[in-house]
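First comes the structure, then the notes that go with it.
Index from 1, following the sequence. The structure displayed is predicted, hence computed values, not measured ones.
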Amino acid sequence: MRIIIMGPQGAGKGTQAAKLEEETGATHIETGDLVREEINQGTELGEKIQEYNERGELVPDEIIIDMTKPYLDENDSWILDGFPRNKEQAQALDEMLDEIGEDLDRVVVLEAPDDVLVERLSGRRQSEATGEVYHIEHDPPPEEGSEEDPGPFVQREDDTEEAIRNRLETYHEQTEPLKDYYEEKGILVTIDATQDIDEVTENVLQAVGEKDS
Ligand code: ADP
Ligand code: ADP
């Protein structure tokens, strides 16, 4: 299985990709995580890309393509989350797939209006220990002090209102037009991401052929 999960920040890509990984065994490759790991490790490359990340701007194509490629080569089955984000990256992905003689199966797009997205990102919390993503209202973590308590939780540094708006603008300008690109290839499926998490998961599983409709 080779699929892309696409959609604006806060639509639920990470949440759904994690469920899909669990259900299918395909590897969840999240380029935002690769970027944050590189920065946290304090490498030369990490220092170079830190400013883009803090401003909520895209890291240059050449860098992100070089960072992503090894993960695509290593895994036969993957769910790509956060890549491609513009035409250049989509073309680079096509070239990589041509090289290994494989095709993309599906591009699943999660759709929700900006006001819903801003509310979701403001309430997003991540467990430091497990990396699991929660929402203070819609998907609260197990209770503090309970046996499964995955706390403490952190908020991402770029989940500030200004960086969120910047990232959404870039999505609408550069990433959203890729819907046409994949529609023309006949592999695009669009899903209403304003539904409950479990309902969205049902739709995603149907879209990738893991469940009958
Ligand atoms: P977002 O919520 O903005 O989609 P991500 O966690 O996916 O956040 O990515 C965090 C940051 O990593 C982005 O703001 C950008 O700086 C960088 N990044 C991730 N994926 C890409 C990509 N495909 N192209 C360029 N930059 C990327
Ligand atoms: P993305 O990877 O697309 O940026 P996330 O999966 O990180 O989005 O989800 C953003 C926030 O919204 C998280 O706090 C998550 O718990 C919450 N969330 C995800 N899907 C839904 C949903 N269908 N309904 C309500 N909240 C959701």
List, one per line, each side-chain donor-acceptor pair under 3.5 Å for residues 92-100, sequence neighbours excluded.
| residue | atom | partner | partner atom | Å |
| --- | --- | --- | --- | --- |
| Asp94 | OD2 | Tyr181 | OH | 2.4 |
| Asp94 | OD2 | Lys185 | NZ | 3.2 |

_Whether the Asn203 and Gln195 side chains hold a donor-acceptor pair (N or O, under 3.5 Å, no angle test) is what I'd like checked._
yes

Donor-acceptor pair, distance only, cut-off 3.5 Å: does the side chain of Asn75 make one with the backbone of Tyr71?
yes

Interatomic distance, NE2@His172 vs CG@Leu168, rounded to 0.5 Å, equals 5.5 Å

If you apply the rule salt bridge (Lys or Arg N to Asp or Glu O under 4.0 Å), what do you find for Glu162 with Arg165, and how did you get there?
CA-CA 5 Å; Glu162 198 191 345; Arg165 295 214 177 273; over 6 Å; no

So CD1 of Ile5 and CD1 of Ile79: to nearest 0.5 Å the spacing works out to 7.5 Å

Across all chains, not counting sequence neighbours, the ring pair (Phe, Tyr, Trp, His ring centres under 6.0 Å) partners of His28 are none

Q: Please confirm whether the backbone N or O of Ala207 pairs with a side-chain atom of Arg106, one donor and one acceptor, at under 3.5 Å?
A: yes

Taking the side chain as every heavy atom from C-beta outward, state whether Asp81 and Ile29 have any pair of such atoms under 4.5 Å apart. no

CD (Glu111) and CD1 (Ile191) are apart, to the nearest 0.5 Å, by 10.0 Å

_For a salt bridge (Lys or Arg N to Asp or Glu O under 4.0 Å) check, start with the C-alpha distance between Asp103 and Arg2, then their side-chain angles and the critical distance, and finish with the verdict._
CA-CA 7 Å; Asp103 288 320; Arg2 294 183 186 78; over 6 Å; no

Rounded to the nearest 0.5 angstrom, the NE2-CD1 distance for His138 and Ile197 is 8.5 Å

CD of Gln50 to OG1 of Thr43, rounded to nearest 0.5 Å, is 10.0 Å

**Message:** Is it the case that the side chains of Thr201 and Gln16 hold a donor-acceptor pair, with the cut-off being a distance below 3.5 Å and no angle test?
**Reply:** yes

